[in-house]
Amino acid sequence: MDRDRWEEIGAALLRGEINVAQFAERAASTAHFGVAQLEVASVDLDRQRRCGFPEVVFGQGKTNDSLVDILRALIARGADGFATRINPEQAAHLHRIFPDAAYNALGRTFRVPGNGSRAAGAGGVIVIITAGTSDLPIAEEARETALWMGADVRMIHDVGVAGPHRLPAHLDKLADADAVVVIAGMEGALPSVVGGYVSCPVVGVPTSVGYGASFGGLSALLGMLNSCASNVTVVNIDSGFKGAYVAGLIAKNAAQARQRSER
């Protein structure tokens with residue numbers, strides 16, 4: 001439970017506005033699962049303990065004031081604030097409140113440094129691969145997510161199956177990867193190709209890039225779901241955040257296992 005809420009309830013008890021039983025009831029409901037109850041949001045302050053990383057803010061459709069309040073609640077708990085799908089107008093407003101933050105306009109991510117920043121590389125090794133330059137916005141969202149999770153991130157761009165000779169030139173970057181994120185539109189074949197070269201999980205991210213019969217990324221999604229490479233799994237269309245987050249959990253666990261074996 002956040003400190004401000006504790007103080008508010010405690011002051012009400014001291015003023016005689018509530019009795020001991022009411023104090024206990026309000027404290028229990030507010031403290032449940034470490035929730036900061038804001039006017040328009042219930043911020044999960046306990047997620048890092050349960051899941052390894054703090055709550056991430058999905059910015060699309062949220063007001064500027066709501067974003068500020070949510071990020072403040074997370075930062076007050078010591079989290080490294082991270083928001084996705086932030087448009088330029090939202091970013092300009094947030095920068096006035098958080099001048100030390102970093103906005104990635106292409107990836108539409110906004111990161112506010114806090115006390116929860118993870119050391120670079122502590123979260124393992126993630127390689128992010130794009131089939132074409134049209135996939136870069138989703139790749140940047142994935143890259144920023146992986147960096148926020150403390151991963152050592154390597155990028156390989158524009159190695160789609162239309163030019164199959166391009167990928168082998170980068171295989172040295174894949175040798176020690178804990179997880180690979182492959183971002184592709186059109187027919188979505190690249191994750192299967194990559195899966196045949198690596199011994200780690202491959203997370204396919206289908207994008208909405210393509211002509212009419214790609215159905216806004218549905219063709220790529222179905223192609224990846226039907227991959228013949230057994231180490232390929234798939235997330236939703238244009239979900240760079242989700243792809244990198246899954247890869248980040250895998251990479252973090254792999255890095256921790258290495259650390260334990262070295263002791």
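What you see is a predicted model, and the numbers here were worked out from it, not measured in a lab. Just so you know, residue 1 is the first one in the sequence shown, and it goes up from there.
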Could you walk me through whether F58 and F241 pass the side chain to side chain contact (heavy atoms under 4.5 Å, CB included) check? CA-CA 10 Å; F58 182 70; F241 163 74; over 6 Å; no
Using the rule that two of Ile, Leu, Val, Met, Phe, Trp, Tyr join whenever any of their side-chain heavy atoms come within less than 4.5 Å, decide whether I138 and L190 are in one cluster. no
Minimum heavy-atom separation for D178 and P201, please, with both atom names. O-CD, 3.6 Å
I want to check something: taking the side chain as every heavy atom from C-beta on, are V194 and L167 in contact at a cut-off of under 4.5 Å? yes
Salt bridge check: are D44 and R49 linked by an N-O gap of less than 4.0 Å? no
Shortest non-hydrogen separation from A251 to G123 and the atoms involved: CB-O, 3.1 Å
Is there a continuous path of hydrophobic side-chain contacts, each under 4.5 Å between heavy atoms, that joins M186 to V161? no
Compare all side-chain heavy atoms of L67 with those of T63 and state whether any distance is below 4.5 angstrom. no
Would you please test H157 and L136 for side chain to side chain contact (heavy atoms under 4.5 Å, CB included) and show each step? CA-CA 8 Å; H157 289 310; L136 282 176; 3.2 Å; yes
Got a second to check how far I183's CD1 is from R143's CZ, nearest 0.5 Å? 11.5 Å
Do M155 and V193 land in one hydrophobic cluster if side-chain heavy atoms of ILVMFWY residues count as linked below 4.5 Å? no
Value for OG1 (T233) from CG (N231), rounded to nearest 0.5 Å, stands at 10.0 Å
Check S66 against V40 and note the closest heavy-atom contact, atom names and distance. OG-CG2, 3.1 Å
Answer whether the closest heavy-atom distance between the side chains of T130 and I156 falls below 4.5 Å. no
Does the side chain of R108 come within less than 4.5 Å of N87's, by heavy atoms? no
Rounded to the nearest 0.5 Å, how far does CG of L221 lie from CG of N236? 7.0 Å
Cluster question for you: counting only ILVMFWY and a side-chain heavy-atom cut-off of under 4.5 Å, with indirect links fine, are L225 and V235 together? no
Flag the pair F82 / R111 as yes when at least one side-chain heavy-atom distance between them is below 4.5 Å, and no otherwise. yes
Does the side chain to side chain contact (heavy atoms under 4.5 Å, CB included) test come out yes or no for Q90 and F110, once each step is laid out? CA-CA 10 Å; Q90 289 173 319; F110 193 86; over 6 Å; no
side-chain contact (heavy atoms from CB on, under 4.5 Å) partner of V182, the single match among I128, V232, V202: V202
If I take atom CG from residue D135 and atom CD from residue E140, how far apart are they, to the nearest 0.5 angstrom? 12.0 Å
Do D238 and T207 pair up side chain to side chain, a donor and an acceptor below 3.5 Å, judged on atom types alone? no
What heavy-atom pair brings A146 and I126 nearest, and what distance separates the two atoms? CB-CD1, 3.9 Å
Side chain to side chain contact (heavy atoms under 4.5 Å, CB included), that's the test. Do R72 and I75 meet it? Break it down for me. CA-CA 5 Å; R72 276 178 169 162; I75 294 165; 5.8 Å; no
Are V57 and T84 packed together at the side-chain level, in the sense that at least one heavy-atom pair is separated by less than 4.5 angstrom? no
Flag side-chain contact, heavy atom, 4.5 Å: W148 against T109: no
Where the side chain of R166 meets the backbone of G160, is there a donor-acceptor pair that is under 3.5 Å apart? yes
Count I, L, V, M, F, W, Y as connected when their side-chain heavy atoms are under 4.5 Å apart, and connections chain through other members. Are V43 and V112 then in the same cluster? yes
Closest heavy-atom pair and its distance - P164, P168: O-CD, 3.3 Å
Does a sphere of radius 6.0 Å around NZ in K242 hold more than 12 heavy atoms from other residues, nucleotides or ligands, not counting ones at 6.0 Å or beyond? no
If you measure from CG on L94 to OH on Y103, what distance do you get to the nearest 0.5 Å? 9.5 Å
Under a 4.5 Å cut-off applied to non-hydrogen side-chain atoms, are I70 and E55 in contact? no
Value for CG (L106) from CD (E144), rounded to nearest 0.5 Å, stands at 10.0 Å
Tell me the closest heavy-atom pair linking G204 and P191, and the distance in Å. CA-CG, 4.2 Å
Do the side-chain N and O atoms of N104 and E141 include a donor-acceptor pair separated by under 3.5 angstrom? no
